[in-house]
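Reading through the structure tokens given below for one structure.
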Amino acid sequence: MQKEELEQTLVLIKPDALKNSLTGYVLSQLSEVHSGLRFAGAKIVQVSRMLADQHYAEHRGKVFFPALLDYIMGLEHYPNDPWKRRVIAFVFQGPGAIAKIRAIAGPTNPHEAREKRPGCIRALGTIVLLKDAAGNVIGDRIDNLIHASATDTEAEREIKLWFKPSDIPPLMHAYPTEVNEDHYYFNDKSLSMTQESGSVCLLAPGDYVWKSDLDALRLIYKGQPSPCTIEMVAAKYLINEKRETV
Ligand code: CDP
Ligand code: MG
């Protein structure tokens with residue numbers, strides 16, 4: 001396969017799209033006929049706070065960040081129905097995948113989307129004002145139906161955050177993989193190679209993993225600087241694990 005054919009992007013159908021039954025509409029907009037892209041991965045995810053926090057790490061500290069985490073976790077749209085709190089995650093693949101899907105999604109802000117790009121997916125979104133305890137408006141939460149990676153670097157980081165190599169057909173892999181030979185356990189923000197009370201096994205010998213995850217785990221275990229945190233690696237292996245959904 002040509003290198004440009006391997007370009008991939010992460011798409012999330014967010015809880016507002018699920019609640020408004022827009023999944024079919026969104027997927028038809030992204031279909032091969034419209035986008036020229038192929039599905040490389042798909043999964044239904046109950047988003048943990050750890051995954052939400054890692055996914056939107058670049059927005060930490062912004063006024064809308066807590067509301068954004070609640071939104072992507074489904075707490076805003078399904079406050080009383082925890083089992084309905086989901087997003088659908090996809091990897092799309094093909095030449096120009098990142099720019100093509102960003103164009104079909106449209107501008108972040110739905111008002112701008114309606115004005116400048118009528119017909120784009122995010123034109124169907126809405127904005128919710130965020131207020132402090134005294135009722136003053138302090139910011140806004142933008143419910144815009146879909147997430148789409150914005151750059152190559154973001155796409156790689158996000159695909160590796162949401163998908164394991166075995167979630168994607170091997171011939172569609174865009175990033176190097178490796179077979180793990182050790183046990184790695186996660187326990188309350190720390191990594192160990194032996195099981196302790198309360199720890200959860202992230203990786204066992206024979207598991208097929210992104211090479212960059214394994215490189216990071218080895219560095220973190222040795223206490224050396226790593227390009228990503230333990231939470232960044234662990235969040236994916238704990239997707240849909242019961243203990244991580246609360
Ligand atoms: O999603 P996109 O890359 O277009 O935008 P972003 O600037 O990276 O922001 C990520 C997400 O945060 C947006 O899609 C919105 O859902 C949310 N957001 C928000 O709730 N309030 C804002 N003022 C800005 C962004
Ligand atoms: Mg963004």
Side-chain angles (χ1 to χ4, degrees), residues 7-20 22-23 25-27 29-30 34-35 37 45-79 84-92 96-132 135-163 228-229 231-232 235-236:
E7 182 176 329
Q8 294 184 345
T9 189
L10 181 86
V11 169
L12 302 177
I13 298 190
K14 295 178 171 182
D16 49 333
L18 286 162
K19 180 155 184 190
N20 289 294
L22 290 169
T23 305
Y25 169 73
V26 170
L27 289 179
Q29 295 298 299
L30 302 179
H34 277 100
S35 68
L37 306 172
V45 178
Q46 182 159 5
V47 182
S48 66
R49 196 160 286 280
M50 182 158 70
L51 179 61
D53 177 68
Q54 292 302 323
H55 179 72
Y56 282 126
E58 65 167 308
H59 297 299
R60 277 183 203 139
K62 296 184 185 167
V63 69
F64 61 85
F65 185 68
L68 176 59
L69 296 198
D70 285 355
Y71 163 39
I72 201 71
M73 291 173 72
L75 295 161
E76 296 289 347
H77 293 86
Y78 296 107
K84 294 184 182 170
R85 294 175 192 157
R86 295 145 299 148
V87 308
I88 313 182
F90 295 97
V91 177
F92 279 89
I98 296 165
K100 278 181 184 166
I101 294 205
R102 285 292 287 194
I104 296 168
T108 305
N109 182 315
H111 295 172
E112 190 188 334
R114 283 193 276 282
E115 209 171 289
K116 297 192 180 151
R117 297 277 324 287
C120 71
I121 294 170
R122 285 172 156 182
L124 297 177
T126 189
I127 296 185
V128 179
L129 295 179
L130 301 172
K131 295 181 180 168
D132 64 13
N136 303 310
V137 173
I138 52 166
D140 48 27
R141 192 188 83 226
I142 300 178
D143 294 359
N144 53 11
L145 309 164
I146 181 175
H147 168 82
S149 312
T151 62
D152 269 339
T153 315
E154 203 174 286
E156 177 169 352
R157 191 188 84 86
E158 293 176 351
I159 289 166
K160 289 176 173 176
L161 176 64
W162 289 78
F163 287 85
C228 65
T229 60
E231 286 84 4
M232 175 85 195
K236 167 181 60 257

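One is the number of the first residue; the rest follow in order along the sequence. Whatever order the structure lists ligands and atoms in, that order sets their numbers, starting from 1.
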**Prompt:** How would you list, by chain and number, every residue that makes a salt bridge (charged side-chain N to carboxylate O under 4.0 Å, His left out) with Glu112, sequence neighbours excluded?
**Reply:**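 For Glu112 the salt bridge (charged side-chain N to carboxylate O under 4.0 Å, His left out) partners, ignoring immediate neighbours, are Lys116.
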Of Ile13, Leu37, Ile101, the residue whose pairing with Leu30 passes side chain to side chain contact (heavy atoms under 4.5 Å, CB included):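 Passing option: Ile101.
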Q) Do any N or O atoms from the side chain of Arg60 and from the backbone of Phe65 form a donor-acceptor pair under 3.5 angstrom? A)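 Checking the backbone N and O of Phe65 against the side chain of Arg60, no donor-acceptor pair under 3.5 Å is found.
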Check: Does Tyr78 use its side chain to pair, donor to acceptor, with the backbone of Lys19 at less than 3.5 Å?
Finding: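 Indeed, once roles are kept as given, a pair shorter than 3.5 Å links the two residues.
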Against heavy atoms of [X], which atoms of ligand 1 measure under 4.0 Å?
{"X": "Asp140", "value": "19 (C), 20 (O), 21 (N), 22 (C), 23 (N)"}
{"X": "Tyr56", "value": "10 (C), 11 (C)"}
{"X": "Tyr71", "value": "16 (O)"}
{"X": "Arg141", "value": "20 (O)"}

What's the shortest distance from [atom] to any protein heavy atom, and which residue and atom give it?
{"atom": "atom 17 (C) of ligand 1", "answer": "Leu68 CD1, 3.6 Å"}
{"atom": "atom 3 (O) of ligand 1", "answer": "Arg102 NH1, 3.0 Å"}
{"atom": "atom 4 (O) of ligand 1", "answer": "Thr108 OG1, 2.5 Å"}
{"atom": "atom 14 (O) of ligand 1", "answer": "Asn144 ND2, 2.9 Å"}

- [ ] Select one of side chain, backbone, both or neither to describe which atoms of Ile142 lie under 4.0 Å from any atom of ligand 1, heavy atoms only.
- [x]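 Both backbone and side chain of Ile142 come within 4.0 Å of ligand 1.
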Check your understanding: With backbone taken as N, CA, C and O and side chain as the heavy atoms from C-beta onward, which portion of Lys14 lies under 4.0 Å from ligand 1: side chain, backbone, both, or neither?
Key ->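 For Lys14, the contact with ligand 1 is made by the side chain alone.
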**Asked** Between the candidates Arg122, His55, His59, which shows the shortest non-hydrogen contact distance to atom 6 (P) of ligand 1?
**Response**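 Selected option, by shortest heavy-atom distance: His59.
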Quick one: are Asp53 and Glu231 in side-chain contact, heavy atoms under 4.5 Å?
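They are not in side-chain contact.
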Worksheet item: Can you tell if the side chain of Leu51 reaches within under 4.5 Å of the side chain of Ile72, non-hydrogen atoms only?
Response: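 Result no, sub-4.5 Å side-chain heavy-atom pair not found.
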- Message: Just to verify, what does Lys236 make a side-chain contact (heavy atoms from CB on, under 4.5 Å) with, not counting sequence neighbours?
- Response: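 Residues passing side-chain contact (heavy atoms from CB on, under 4.5 Å) with Lys236: Lys164, Trp210, Asp213.
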Q) Salt-bridged, Asp70 to Arg49, with N to O below 4.0 Å? A)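 Between Arg49 and Asp70 there is a salt bridge, with a charged N closer than 4.0 Å to a carboxylate O.
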